[in-house]
Amino acid sequence: MISADHVSVEVEGLRRQFKTKSAPVVALDGVSLKVGEGEIFGVLGPNGAGKTTMIRILSTLLMPSGGSAKVMGFDVEHEAEKVRRVINMASGAEKAGYDFISAKRNLWFFSQLYGIPGEVAEKRIGDLSERLGLTKYLDRKFYALSTGYRQRATIARAFVNDPRVVFLDEPTIGLDVMTARSIREFLQTEAKTHGRTIMLATHNMAEVEAICDRVAIIDKGKIIAEGTPEDLKRSLGAPALVMEVSPPPKDLEMLRQVAGVKGFTSSADEERGLSTVQVVVENDSAANGASAAMATAGYRVVASWRKEATLEEVFVALVGSGFKEREEEGGP
Amino acid sequence: MRARALVRLWSIFGEPMWIIVSMGFPVLSSLALSLLYYSIGATNYVGFAVLGGVMVAFWGNVLWSMASQFNWDKQEGLFEIYLTSPASITAILIGMSVGGIVGTVPTAVIVSIIGWVLFHPVVAASWGAVALTFALTLASLYALGMALSSLYLVYGREAESMNEVLQEPVSMLSGIYFPSIGSFSPFPFAVQIAASLIPLTLGMDALRKSLFYGEGFGAVSFDLFALAILAVVFLAGSAYSLKALERKGRRDGTISVRIR
(Lines give C-alpha, C1' and ligand atoms only; values in the text may rest on other atoms or scores of the structure.)
Protein backbone atom coordinates (compact mmCIF):
# COMPACT_ATOMS: atom_id res chain seq x y z
CA MET A 1 0.00 0.00 0.00
CA ILE A 2 1.44 3.38 -0.98
CA SER A 3 0.93 6.19 1.53
CA ALA A 4 -0.86 9.25 0.14
CA ASP A 5 2.24 11.42 0.75
CA HIS A 6 4.40 9.29 -1.48
CA VAL A 7 2.19 8.86 -4.51
CA SER A 8 3.86 10.07 -7.71
CA VAL A 9 1.28 8.98 -10.25
CA GLU A 10 -2.41 8.64 -9.51
CA VAL A 11 -4.84 7.54 -12.18
CA GLU A 12 -8.55 7.25 -11.53
CA GLY A 13 -11.09 5.87 -14.00
CA LEU A 14 -8.95 6.99 -16.91
CA ARG A 15 -10.63 6.68 -20.25
CA ARG A 16 -9.48 7.55 -23.73
CA GLN A 17 -11.40 7.12 -26.93
CA PHE A 18 -10.12 7.79 -30.45
CA LYS A 19 -12.32 8.70 -33.35
CA THR A 20 -11.75 6.62 -36.43
CA LYS A 21 -13.45 6.55 -39.82
CA SER A 22 -15.39 3.42 -38.97
CA ALA A 23 -16.19 3.50 -35.25
CA PRO A 24 -14.71 5.04 -32.10
CA VAL A 25 -11.91 2.98 -30.59
CA VAL A 26 -11.65 2.79 -26.82
CA ALA A 27 -7.94 2.69 -26.01
CA LEU A 28 -8.31 3.06 -22.24
CA ASP A 29 -11.43 1.98 -20.45
CA GLY A 30 -11.56 3.09 -16.83
CA VAL A 31 -7.99 2.49 -15.71
CA SER A 32 -7.12 3.21 -12.07
CA LEU A 33 -3.71 2.84 -10.45
CA LYS A 34 -1.26 4.45 -8.05
CA VAL A 35 2.51 4.50 -8.38
CA GLY A 36 4.72 5.38 -5.43
CA GLU A 37 7.87 7.50 -5.29
CA GLY A 38 11.01 5.63 -6.24
CA GLU A 39 9.03 2.78 -7.71
CA ILE A 40 9.65 1.16 -11.09
CA PHE A 41 6.20 0.35 -12.35
CA GLY A 42 5.75 -1.79 -15.43
CA VAL A 43 2.78 -1.48 -17.74
CA LEU A 44 2.66 -4.71 -19.62
CA GLY A 45 0.41 -5.55 -22.51
CA PRO A 46 0.23 -6.63 -26.13
CA ASN A 47 0.34 -4.16 -29.01
CA GLY A 48 -2.70 -1.92 -28.96
CA ALA A 49 -3.53 -2.75 -25.34
CA GLY A 50 -3.52 0.92 -24.33
CA LYS A 51 -0.20 1.14 -22.48
CA THR A 52 1.32 3.78 -24.77
CA THR A 53 -1.90 5.75 -24.66
CA MET A 54 -1.66 5.84 -20.87
CA ILE A 55 1.99 6.95 -20.98
CA ARG A 56 1.09 9.68 -23.47
CA ILE A 57 -1.72 10.97 -21.29
CA LEU A 58 0.53 11.02 -18.23
CA SER A 59 3.26 12.85 -20.13
CA THR A 60 0.71 15.52 -21.27
CA LEU A 61 0.79 14.61 -24.96
CA LEU A 62 -2.79 13.44 -24.95
CA MET A 63 -5.89 14.49 -23.07
CA PRO A 64 -8.06 11.91 -21.37
CA SER A 65 -11.63 11.49 -22.59
CA GLY A 66 -12.71 10.77 -19.02
CA GLY A 67 -11.43 10.16 -15.52
CA SER A 68 -8.39 11.89 -14.05
CA ALA A 69 -4.65 11.52 -13.90
CA LYS A 70 -2.21 13.30 -11.62
CA VAL A 71 1.56 13.36 -11.67
CA MET A 72 3.25 14.59 -8.48
CA GLY A 73 -0.14 15.98 -7.51
CA PHE A 74 -0.63 18.01 -10.71
CA ASP A 75 -3.54 17.28 -13.00
CA VAL A 76 -2.28 16.32 -16.47
CA GLU A 77 -5.23 17.93 -18.19
CA HIS A 78 -5.45 21.26 -16.40
CA GLU A 79 -1.94 21.69 -15.01
CA ALA A 80 0.12 20.39 -17.94
CA GLU A 81 2.75 23.15 -17.53
CA LYS A 82 3.42 22.09 -13.93
CA VAL A 83 3.51 18.42 -14.85
CA ARG A 84 6.09 19.14 -17.56
CA ARG A 85 8.49 20.64 -15.01
CA VAL A 86 8.73 17.39 -13.06
CA ILE A 87 8.67 14.73 -15.76
CA ASN A 88 10.56 13.51 -18.76
CA MET A 89 9.88 10.76 -21.24
CA ALA A 90 11.65 8.64 -23.80
CA SER A 91 10.70 6.03 -26.30
CA GLY A 92 12.77 3.23 -27.71
CA ALA A 93 11.38 4.04 -31.13
CA GLU A 94 12.32 7.70 -31.12
CA LYS A 95 15.27 9.27 -32.88
CA ALA A 96 15.52 12.03 -30.34
CA GLY A 97 18.47 13.98 -31.56
CA TYR A 98 19.74 16.30 -34.25
CA ASP A 99 21.93 14.29 -36.59
CA PHE A 100 24.54 16.87 -37.45
CA ILE A 101 25.53 17.87 -33.95
CA SER A 102 27.32 15.80 -31.34
CA ALA A 103 25.59 13.69 -28.71
CA LYS A 104 26.92 16.05 -26.06
CA ARG A 105 25.52 19.14 -27.76
CA ASN A 106 22.20 17.35 -28.23
CA LEU A 107 22.05 16.58 -24.52
CA TRP A 108 23.04 20.13 -23.65
CA PHE A 109 20.30 21.48 -25.93
CA PHE A 110 17.64 19.29 -24.35
CA SER A 111 18.79 20.35 -20.87
CA GLN A 112 18.22 23.96 -21.90
CA LEU A 113 14.55 23.23 -22.59
CA TYR A 114 14.31 22.98 -18.80
CA GLY A 115 16.32 26.14 -18.15
CA ILE A 116 19.15 24.25 -16.43
CA PRO A 117 22.21 26.47 -15.83
CA GLY A 118 25.08 25.62 -18.17
CA GLU A 119 27.51 24.34 -15.52
CA VAL A 120 24.89 22.17 -13.86
CA ALA A 121 23.88 20.75 -17.23
CA GLU A 122 27.49 20.05 -18.16
CA LYS A 123 28.11 18.19 -14.90
CA ARG A 124 24.89 16.22 -15.18
CA ILE A 125 25.60 15.22 -18.79
CA GLY A 126 29.06 14.05 -17.76
CA ASP A 127 27.68 12.03 -14.88
CA LEU A 128 24.83 10.43 -16.86
CA SER A 129 27.15 9.63 -19.77
CA GLU A 130 29.67 7.99 -17.52
CA ARG A 131 27.05 5.80 -15.89
CA LEU A 132 25.56 4.86 -19.25
CA GLY A 133 28.95 4.17 -20.85
CA LEU A 134 28.49 7.00 -23.31
CA THR A 135 31.44 9.22 -22.39
CA LYS A 136 33.73 8.04 -25.20
CA TYR A 137 31.06 8.77 -27.79
CA LEU A 138 29.83 12.14 -26.56
CA ASP A 139 31.69 14.09 -29.23
CA ARG A 140 30.41 11.94 -32.07
CA LYS A 141 27.72 13.37 -34.27
CA PHE A 142 24.37 11.86 -33.48
CA TYR A 143 23.99 10.16 -36.87
CA ALA A 144 27.33 8.42 -36.34
CA LEU A 145 26.21 6.69 -33.14
CA SER A 146 25.20 3.03 -33.26
CA THR A 147 21.63 2.11 -32.28
CA GLY A 148 22.80 1.12 -28.81
CA TYR A 149 24.67 4.34 -28.09
CA ARG A 150 21.89 6.42 -29.58
CA GLN A 151 19.52 4.71 -27.17
CA ARG A 152 21.89 5.36 -24.27
CA ALA A 153 21.87 9.03 -25.30
CA THR A 154 18.07 8.95 -25.40
CA ILE A 155 17.98 7.54 -21.87
CA ALA A 156 20.48 10.17 -20.71
CA ARG A 157 18.23 12.83 -22.23
CA ALA A 158 15.26 11.52 -20.27
CA PHE A 159 17.14 12.10 -17.01
CA VAL A 160 18.99 15.30 -17.87
CA ASN A 161 16.44 17.56 -16.16
CA ASP A 162 16.56 15.63 -12.87
CA PRO A 163 12.89 14.58 -13.28
CA ARG A 164 10.82 13.18 -10.43
CA VAL A 165 8.87 10.91 -12.77
CA VAL A 166 10.15 9.36 -15.99
CA PHE A 167 7.91 7.69 -18.55
CA LEU A 168 9.65 5.16 -20.76
CA ASP A 169 8.07 3.40 -23.70
CA GLU A 170 9.93 0.26 -24.75
CA PRO A 171 13.31 1.74 -23.76
CA THR A 172 15.35 -1.32 -24.71
CA ILE A 173 13.57 -2.33 -27.89
CA GLY A 174 15.95 -3.59 -30.56
CA LEU A 175 19.02 -3.47 -28.29
CA ASP A 176 21.59 -6.18 -27.74
CA VAL A 177 21.53 -8.04 -24.44
CA MET A 178 24.45 -6.18 -22.86
CA THR A 179 23.18 -2.71 -23.76
CA ALA A 180 19.69 -3.58 -22.56
CA ARG A 181 21.13 -4.88 -19.32
CA SER A 182 23.24 -1.77 -18.69
CA ILE A 183 20.20 0.43 -19.30
CA ARG A 184 18.15 -1.65 -16.86
CA GLU A 185 20.86 -1.35 -14.22
CA PHE A 186 20.94 2.39 -14.76
CA LEU A 187 17.15 2.63 -14.34
CA GLN A 188 17.28 0.62 -11.12
CA THR A 189 19.94 2.90 -9.68
CA GLU A 190 17.98 6.00 -10.65
CA ALA A 191 14.89 4.70 -8.89
CA LYS A 192 16.56 3.35 -5.77
CA THR A 193 19.26 5.97 -5.25
CA HIS A 194 17.53 9.11 -6.44
CA GLY A 195 13.98 8.17 -5.58
CA ARG A 196 12.72 8.73 -9.10
CA THR A 197 9.51 7.09 -10.19
CA ILE A 198 9.84 5.22 -13.45
CA MET A 199 6.85 4.04 -15.44
CA LEU A 200 7.81 1.56 -18.06
CA ALA A 201 5.48 0.55 -20.88
CA THR A 202 6.70 -2.60 -22.53
CA HIS A 203 5.86 -6.04 -23.73
CA ASN A 204 9.24 -7.35 -22.74
CA MET A 205 8.38 -9.75 -19.91
CA ALA A 206 11.98 -10.43 -18.98
CA GLU A 207 12.57 -6.73 -18.54
CA VAL A 208 9.57 -6.37 -16.29
CA GLU A 209 10.59 -9.37 -14.21
CA ALA A 210 14.13 -8.04 -13.92
CA ILE A 211 13.51 -4.49 -12.76
CA CYS A 212 9.89 -3.68 -11.98
CA ASP A 213 8.70 -3.40 -8.39
CA ARG A 214 5.12 -3.70 -9.52
CA VAL A 215 3.34 -4.48 -12.75
CA ALA A 216 -0.03 -3.77 -14.25
CA ILE A 217 -1.12 -6.07 -17.05
CA ILE A 218 -3.33 -4.16 -19.41
CA ASP A 219 -5.41 -5.56 -22.22
CA LYS A 220 -8.06 -3.95 -24.38
CA GLY A 221 -7.81 -0.78 -22.33
CA LYS A 222 -8.41 -2.39 -18.95
CA ILE A 223 -6.08 -3.43 -16.15
CA ILE A 224 -6.58 -7.13 -15.74
CA ALA A 225 -3.98 -7.75 -13.04
CA GLU A 226 -1.73 -5.68 -10.82
CA GLY A 227 0.94 -6.57 -8.28
CA THR A 228 4.58 -7.49 -7.91
CA PRO A 229 5.90 -9.92 -10.52
CA GLU A 230 6.21 -12.50 -7.74
CA ASP A 231 2.60 -11.93 -6.62
CA LEU A 232 1.38 -12.37 -10.15
CA LYS A 233 3.33 -15.58 -10.63
CA ARG A 234 2.08 -16.92 -7.30
CA SER A 235 -1.47 -16.06 -8.26
CA LEU A 236 -1.41 -18.80 -10.85
CA GLY A 237 -1.09 -21.46 -8.15
CA ALA A 238 0.22 -24.61 -9.76
CA PRO A 239 3.40 -24.48 -11.80
CA ALA A 240 3.44 -24.76 -15.55
CA LEU A 241 3.73 -27.97 -17.53
CA VAL A 242 6.45 -28.10 -20.18
CA MET A 243 6.23 -30.76 -22.88
CA GLU A 244 8.54 -31.59 -25.74
CA VAL A 245 6.23 -32.82 -28.47
CA SER A 246 6.99 -34.54 -31.75
CA PRO A 247 6.19 -33.83 -34.54
CA PRO A 248 5.74 -30.04 -34.01
CA PRO A 249 1.96 -29.52 -33.79
CA LYS A 250 0.36 -27.27 -36.41
CA ASP A 251 -2.05 -25.93 -33.85
CA LEU A 252 -2.78 -26.47 -30.18
CA GLU A 253 -6.50 -25.93 -30.21
CA MET A 254 -7.00 -29.30 -28.49
CA LEU A 255 -5.47 -27.79 -25.32
CA ARG A 256 -8.24 -25.21 -25.11
CA GLN A 257 -10.72 -28.02 -24.59
CA VAL A 258 -8.91 -29.32 -21.49
CA ALA A 259 -10.47 -28.22 -18.22
CA GLY A 260 -8.01 -26.32 -16.02
CA VAL A 261 -5.71 -25.17 -18.84
CA LYS A 262 -5.33 -21.42 -18.51
CA GLY A 263 -3.10 -20.73 -21.50
CA PHE A 264 -0.13 -21.97 -23.47
CA THR A 265 2.81 -21.02 -25.65
CA SER A 266 4.87 -23.07 -28.03
CA SER A 267 8.15 -22.81 -29.89
CA ALA A 268 9.34 -25.16 -32.60
CA ASP A 269 12.82 -26.64 -32.71
CA GLU A 270 13.12 -27.66 -36.36
CA GLU A 271 16.56 -29.22 -35.92
CA ARG A 272 15.27 -31.64 -33.33
CA GLY A 273 11.92 -32.01 -35.08
CA LEU A 274 9.86 -31.14 -32.03
CA SER A 275 8.07 -28.32 -30.30
CA THR A 276 8.35 -27.14 -26.73
CA VAL A 277 4.86 -26.48 -25.43
CA GLN A 278 4.38 -24.63 -22.14
CA VAL A 279 0.96 -24.96 -20.60
CA VAL A 280 -0.26 -22.97 -17.63
CA VAL A 281 -2.41 -25.34 -15.61
CA GLU A 282 -4.64 -24.99 -12.60
CA ASN A 283 -3.74 -28.33 -11.08
CA ASP A 284 -2.21 -31.77 -11.64
CA SER A 285 -5.33 -33.13 -13.24
CA ALA A 286 -5.23 -30.35 -15.88
CA ALA A 287 -1.56 -31.20 -16.53
CA ASN A 288 -2.45 -34.84 -17.07
CA GLY A 289 -5.34 -33.83 -19.29
CA ALA A 290 -3.04 -31.67 -21.42
CA SER A 291 -0.59 -34.56 -21.91
CA ALA A 292 -3.45 -36.89 -22.81
CA ALA A 293 -4.91 -34.37 -25.27
CA MET A 294 -1.58 -34.18 -27.10
CA ALA A 295 -1.37 -37.95 -27.32
CA THR A 296 -4.96 -38.26 -28.51
CA ALA A 297 -4.22 -35.70 -31.25
CA GLY A 298 -1.43 -37.96 -32.51
CA TYR A 299 1.60 -36.22 -31.05
CA ARG A 300 4.25 -37.98 -29.04
CA VAL A 301 5.21 -36.37 -25.75
CA VAL A 302 8.97 -36.97 -25.78
CA ALA A 303 9.59 -35.43 -22.39
CA SER A 304 7.61 -33.42 -19.87
CA TRP A 305 8.35 -31.64 -16.62
CA ARG A 306 6.85 -29.03 -14.30
CA LYS A 307 8.30 -25.62 -13.62
CA GLU A 308 7.34 -22.39 -11.89
CA ALA A 309 5.26 -20.12 -14.08
CA THR A 310 7.02 -17.17 -15.70
CA LEU A 311 5.50 -13.75 -16.09
CA GLU A 312 4.93 -14.54 -19.74
CA GLU A 313 2.86 -17.54 -18.74
CA VAL A 314 0.94 -15.38 -16.29
CA PHE A 315 0.27 -13.00 -19.11
CA VAL A 316 -0.84 -15.79 -21.40
CA ALA A 317 -3.14 -17.15 -18.75
CA LEU A 318 -4.70 -13.75 -18.15
CA VAL A 319 -4.87 -12.40 -21.67
CA GLY A 320 -5.88 -15.67 -23.18
CA SER A 321 -3.47 -16.24 -26.03
CA GLY A 322 0.25 -16.21 -26.73
CA PHE A 323 2.12 -13.02 -27.39
CA LYS A 324 3.35 -14.16 -30.73
CA GLU A 325 -0.13 -15.09 -31.79
CA ARG A 326 -1.38 -11.66 -30.75
CA GLU A 327 1.39 -9.90 -32.60
CA GLU A 328 0.76 -11.92 -35.71
CA GLU A 329 -2.87 -10.92 -35.51
CA GLY A 330 -1.74 -7.27 -35.29
CA GLY A 331 -3.13 -6.65 -31.82
CA PRO A 332 -6.74 -6.57 -30.72
CA MET B 1 15.88 30.40 -27.53
CA ARG B 2 19.66 30.72 -27.46
CA ALA B 3 20.07 26.97 -27.31
CA ARG B 4 17.89 26.40 -30.38
CA ALA B 5 19.77 29.12 -32.28
CA LEU B 6 23.04 27.39 -31.41
CA VAL B 7 21.74 24.01 -32.54
CA ARG B 8 20.92 25.52 -35.91
CA LEU B 9 24.33 27.15 -36.21
CA TRP B 10 26.19 24.03 -35.12
CA SER B 11 24.20 22.03 -37.67
CA ILE B 12 24.91 24.47 -40.50
CA PHE B 13 28.56 25.20 -39.78
CA GLY B 14 29.29 21.64 -38.71
CA GLU B 15 28.66 20.51 -42.28
CA PRO B 16 30.55 22.82 -44.70
CA MET B 17 29.08 20.93 -47.65
CA TRP B 18 25.66 22.06 -46.50
CA ILE B 19 26.70 25.72 -46.86
CA ILE B 20 28.00 25.06 -50.36
CA VAL B 21 24.84 23.23 -51.39
CA SER B 22 22.59 25.95 -49.95
CA MET B 23 24.49 28.53 -52.00
CA GLY B 24 23.69 26.76 -55.25
CA PHE B 25 20.23 28.08 -56.00
CA PRO B 26 20.69 31.71 -54.87
CA VAL B 27 24.04 32.06 -56.65
CA LEU B 28 22.86 30.48 -59.89
CA SER B 29 19.51 32.27 -60.06
CA SER B 30 21.20 35.57 -59.29
CA LEU B 31 23.91 34.94 -61.91
CA ALA B 32 21.43 33.86 -64.57
CA LEU B 33 19.31 36.95 -64.14
CA SER B 34 22.26 39.30 -63.86
CA LEU B 35 23.66 37.89 -67.11
CA LEU B 36 20.29 38.31 -68.77
CA TYR B 37 19.98 41.96 -67.71
CA TYR B 38 23.61 42.55 -68.58
CA SER B 39 23.29 41.04 -72.04
CA ILE B 40 20.24 43.13 -72.97
CA GLY B 41 21.89 46.29 -71.67
CA ALA B 42 19.56 46.69 -68.68
CA THR B 43 22.51 47.18 -66.36
CA ASN B 44 20.40 49.20 -63.92
CA TYR B 45 18.55 46.00 -63.12
CA VAL B 46 21.67 43.92 -62.40
CA GLY B 47 21.69 45.17 -58.82
CA PHE B 48 18.08 43.97 -58.42
CA ALA B 49 19.15 40.49 -59.49
CA VAL B 50 22.05 40.40 -57.04
CA LEU B 51 19.80 41.66 -54.24
CA GLY B 52 17.24 39.03 -55.30
CA GLY B 53 19.89 36.32 -54.94
CA VAL B 54 20.67 37.53 -51.42
CA MET B 55 17.04 37.58 -50.37
CA VAL B 56 16.16 34.27 -52.03
CA ALA B 57 18.79 32.64 -49.80
CA PHE B 58 16.83 33.82 -46.75
CA TRP B 59 13.51 32.86 -48.33
CA GLY B 60 14.82 29.35 -49.02
CA ASN B 61 15.97 29.11 -45.42
CA VAL B 62 12.56 30.24 -44.19
CA LEU B 63 10.77 27.63 -46.30
CA TRP B 64 13.04 24.63 -45.89
CA SER B 65 14.49 25.16 -42.43
CA MET B 66 11.74 27.09 -40.66
CA ALA B 67 8.34 26.28 -42.13
CA SER B 68 8.88 22.55 -42.45
CA GLN B 69 11.12 22.14 -39.39
CA PHE B 70 8.43 21.30 -36.84
CA ASN B 71 6.83 18.90 -39.28
CA TRP B 72 10.18 17.17 -39.63
CA ASP B 73 10.64 17.29 -35.85
CA LYS B 74 7.21 15.73 -35.48
CA GLN B 75 8.07 12.87 -37.82
CA GLU B 76 11.33 12.26 -35.98
CA GLY B 77 9.70 12.33 -32.54
CA LEU B 78 11.51 15.50 -31.48
CA PHE B 79 8.38 17.63 -31.34
CA GLU B 80 7.07 15.45 -28.52
CA ILE B 81 10.20 16.26 -26.54
CA TYR B 82 9.54 19.98 -27.00
CA LEU B 83 5.94 19.61 -25.93
CA THR B 84 6.64 17.58 -22.83
CA SER B 85 9.20 20.15 -21.68
CA PRO B 86 8.28 23.45 -20.03
CA ALA B 87 9.99 25.42 -22.84
CA SER B 88 7.97 27.89 -24.89
CA ILE B 89 7.44 26.65 -28.43
CA THR B 90 7.45 30.24 -29.69
CA ALA B 91 10.85 30.81 -28.04
CA ILE B 92 12.14 27.68 -29.77
CA LEU B 93 10.92 29.04 -33.11
CA ILE B 94 12.51 32.43 -32.47
CA GLY B 95 15.78 30.68 -31.63
CA MET B 96 15.48 28.69 -34.83
CA SER B 97 14.94 31.97 -36.75
CA VAL B 98 17.97 33.68 -35.23
CA GLY B 99 20.12 30.64 -35.99
CA GLY B 100 18.69 30.49 -39.52
CA ILE B 101 19.43 34.16 -40.19
CA VAL B 102 23.01 33.97 -38.92
CA GLY B 103 23.54 30.66 -40.70
CA THR B 104 22.34 32.11 -44.02
CA VAL B 105 24.59 35.17 -43.84
CA PRO B 106 27.58 33.39 -45.44
CA THR B 107 25.43 32.47 -48.45
CA ALA B 108 24.11 36.03 -48.71
CA VAL B 109 27.61 37.47 -48.48
CA ILE B 110 28.97 35.11 -51.15
CA VAL B 111 26.10 36.00 -53.51
CA SER B 112 26.79 39.71 -52.93
CA ILE B 113 30.52 39.34 -53.51
CA ILE B 114 30.10 37.31 -56.69
CA GLY B 115 27.52 39.79 -58.01
CA TRP B 116 29.67 42.73 -57.09
CA VAL B 117 32.88 41.36 -58.60
CA LEU B 118 31.27 40.19 -61.84
CA PHE B 119 28.74 42.90 -62.58
CA HIS B 120 29.60 46.01 -60.54
CA PRO B 121 25.98 47.03 -59.87
CA VAL B 122 25.59 50.74 -59.24
CA VAL B 123 24.83 51.33 -55.58
CA ALA B 124 23.65 54.67 -54.23
CA ALA B 125 22.62 53.63 -50.75
CA SER B 126 20.93 55.35 -47.88
CA TRP B 127 22.56 52.93 -45.46
CA GLY B 128 20.41 53.69 -42.41
CA ALA B 129 17.25 52.95 -44.37
CA VAL B 130 18.85 49.89 -45.96
CA ALA B 131 19.82 48.46 -42.56
CA LEU B 132 16.41 49.06 -40.98
CA THR B 133 14.58 47.73 -44.03
CA PHE B 134 16.77 44.63 -44.13
CA ALA B 135 16.23 43.98 -40.42
CA LEU B 136 12.46 44.45 -40.65
CA THR B 137 12.24 42.34 -43.80
CA LEU B 138 14.03 39.46 -42.10
CA ALA B 139 11.93 39.88 -38.95
CA SER B 140 8.66 39.68 -40.86
CA LEU B 141 9.94 36.98 -43.23
CA TYR B 142 10.99 34.71 -40.37
CA ALA B 143 7.75 35.52 -38.52
CA LEU B 144 5.99 34.23 -41.66
CA GLY B 145 8.20 31.14 -41.39
CA MET B 146 7.06 30.67 -37.80
CA ALA B 147 3.42 30.98 -38.83
CA LEU B 148 3.94 28.48 -41.66
CA SER B 149 5.75 26.17 -39.28
CA SER B 150 2.70 25.93 -37.07
CA LEU B 151 0.39 25.46 -40.07
CA TYR B 152 2.61 22.74 -41.53
CA LEU B 153 2.15 20.74 -38.34
CA VAL B 154 -1.28 19.91 -39.66
CA TYR B 155 0.31 18.24 -42.68
CA GLY B 156 2.29 15.05 -42.91
CA ARG B 157 4.86 14.57 -45.61
CA GLU B 158 2.81 16.88 -47.85
CA ALA B 159 4.62 19.78 -46.18
CA GLU B 160 7.57 19.32 -48.51
CA SER B 161 5.27 19.47 -51.51
CA MET B 162 3.78 22.67 -50.08
CA ASN B 163 7.27 24.14 -50.00
CA GLU B 164 7.84 23.17 -53.61
CA VAL B 165 4.53 24.80 -54.53
CA LEU B 166 5.33 27.99 -52.64
CA GLN B 167 8.97 28.52 -53.58
CA GLU B 168 8.78 29.69 -57.18
CA PRO B 169 5.42 31.55 -57.22
CA VAL B 170 6.46 33.48 -54.13
CA SER B 171 9.83 34.25 -55.67
CA MET B 172 8.09 35.63 -58.75
CA LEU B 173 5.37 37.57 -56.93
CA SER B 174 7.68 39.02 -54.32
CA GLY B 175 9.90 40.77 -56.82
CA ILE B 176 13.05 38.79 -56.30
CA TYR B 177 13.68 38.75 -60.04
CA PHE B 178 12.03 42.03 -61.05
CA PRO B 179 9.94 44.79 -59.39
CA SER B 180 6.55 43.25 -58.71
CA ILE B 181 4.82 46.22 -57.09
CA GLY B 182 4.82 49.89 -58.06
CA SER B 183 4.93 51.53 -61.45
CA PHE B 184 7.38 49.00 -63.01
CA SER B 185 5.31 46.00 -61.99
CA PRO B 186 3.90 43.82 -64.78
CA PHE B 187 1.11 42.63 -62.46
CA PRO B 188 -2.44 44.02 -62.14
CA PHE B 189 -3.13 46.09 -59.01
CA ALA B 190 -5.07 43.31 -57.27
CA VAL B 191 -2.15 40.92 -57.68
CA GLN B 192 0.19 43.61 -56.34
CA ILE B 193 -1.98 43.98 -53.24
CA ALA B 194 -1.96 40.22 -52.71
CA ALA B 195 1.80 40.09 -53.29
CA SER B 196 2.27 42.77 -50.64
CA LEU B 197 1.10 40.33 -48.00
CA ILE B 198 4.39 38.52 -48.54
CA PRO B 199 7.02 40.35 -46.46
CA LEU B 200 9.61 39.72 -49.15
CA THR B 201 7.65 41.87 -51.62
CA LEU B 202 7.60 44.97 -49.44
CA GLY B 203 11.14 44.31 -48.27
CA MET B 204 12.52 44.00 -51.80
CA ASP B 205 10.65 47.13 -52.87
CA ALA B 206 12.05 49.17 -49.98
CA LEU B 207 15.55 47.70 -50.35
CA ARG B 208 15.63 48.56 -54.05
CA LYS B 209 14.62 52.13 -53.27
CA SER B 210 17.08 52.61 -50.42
CA LEU B 211 19.99 50.63 -51.83
CA PHE B 212 20.00 51.63 -55.49
CA TYR B 213 18.17 54.97 -55.53
CA GLY B 214 19.42 56.41 -52.24
CA GLU B 215 15.93 57.03 -50.93
CA GLY B 216 15.76 57.60 -47.17
CA PHE B 217 13.33 56.70 -44.40
CA GLY B 218 10.61 59.00 -45.74
CA ALA B 219 10.37 57.18 -49.06
CA VAL B 220 10.24 53.73 -47.50
CA SER B 221 8.23 54.57 -44.39
CA PHE B 222 5.08 52.88 -45.69
CA ASP B 223 7.01 49.67 -46.48
CA LEU B 224 8.67 49.74 -43.06
CA PHE B 225 5.38 50.28 -41.28
CA ALA B 226 3.70 47.49 -43.23
CA LEU B 227 6.64 45.15 -42.60
CA ALA B 228 6.45 45.84 -38.86
CA ILE B 229 2.71 45.15 -38.87
CA LEU B 230 3.22 41.92 -40.83
CA ALA B 231 5.93 40.80 -38.38
CA VAL B 232 3.65 41.36 -35.39
CA VAL B 233 0.66 39.71 -37.08
CA PHE B 234 2.64 36.64 -38.19
CA LEU B 235 4.32 36.32 -34.80
CA ALA B 236 1.04 36.58 -32.91
CA GLY B 237 -0.65 34.29 -35.44
CA SER B 238 2.10 31.73 -35.02
CA ALA B 239 1.94 31.80 -31.20
CA TYR B 240 -1.85 31.52 -31.26
CA SER B 241 -2.00 28.75 -33.84
CA LEU B 242 0.72 26.75 -32.07
CA LYS B 243 -1.25 26.86 -28.84
CA ALA B 244 -4.46 25.98 -30.68
CA LEU B 245 -2.79 23.12 -32.55
CA GLU B 246 -1.24 21.79 -29.35
CA ARG B 247 -4.68 21.77 -27.71
CA LYS B 248 -6.19 20.11 -30.77
CA GLY B 249 -3.32 17.64 -30.99
CA ARG B 250 -3.71 16.66 -27.34
CA ARG B 251 -7.44 16.31 -27.79
CA ASP B 252 -7.37 14.35 -31.07
CA GLY B 253 -4.13 12.46 -30.51
CA THR B 254 -2.41 13.92 -33.57
CA ILE B 255 0.77 15.29 -31.99
CA SER B 256 2.68 12.25 -33.14
CA VAL B 257 2.46 10.91 -36.65
CA ARG B 258 3.68 7.54 -35.50
CA ILE B 259 0.81 5.14 -35.17
CA ARG B 260 0.61 3.71 -31.69
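Computed from a predicted model, the values in this text were never measured in an experiment. Throughout, a chain's letter reflects where its sequence line sits, starting with A, and its residues are numbered from 1.
Contact of A:Ala27 with chain B is not made at all, since no heavy-atom distance falls under 4.5 Å. Proximity to chain B (any heavy atom under 4.5 Å) is restricted, for A:Lys141, to the side chain, taken from C-beta onward. Contact of A:Val86 with chain B is not made at all, since no heavy-atom distance falls under 4.5 Å. For a residue to count as touching a neighbouring chain, one of its non-hydrogen atoms must lie under 4.5 Å from one of that chain's; by this rule B:Arg2 touches chain A with the side chain only.
Chain B forms more heavy-atom pairs under 4.5 Å with one residue of A:Arg85, A:Arg105, A:Met63 than with any other, namely A:Arg105. No other option in A:Ile101, A:Thr60, A:Leu61 has as many heavy-atom pairs under 4.5 Å with chain B as A:Leu61. The residue among A:Arg16, A:Glu81, A:Lys19 with the most heavy atom pairs within less than 4.5 Å of chain B is A:Arg16.
Residue B:Trp10 holds its CH2 atom at 9.5 Å from CZ of A:Phe109, rounded to the nearest 0.5 Å. Going from atom OG1 of A:Thr154 over to atom CD1 of B:Ile81 covers 7.5 Å, rounded to the nearest 0.5 Å. Here the straight-line distance linking atom CH2 of A:Trp108 with atom CG of B:Leu6 works out to 5.0 Å at 0.5 Å rounding. Here CZ of A:Arg56 is found 4.5 Å from CD of B:Glu80. Values are rounded to the nearest 0.5 Å.
Other residues, nucleotides and ligands place no more than 12 heavy atoms under 6.0 Å from the CD atom of A:Glu119. For CZ of B:Phe13, the number of neighbouring non-hydrogen atoms (other residues, nucleotides, ligands) closer than 6.0 Å is greater than 12.
Put simply, the side chain of B:Val7 does not reach to within 4.5 Å of the side chain of A:Phe110, judged on heavy atoms.
Across all non-hydrogen atoms, the minimal contact from A:Phe18 to B:Asp252 is CD2-O, 4.2 Å. Minimum interatomic distance between B:Pro86 and A:Leu113 (heavy atoms only, all atoms of both residues): CD-O, 3.8 Å.
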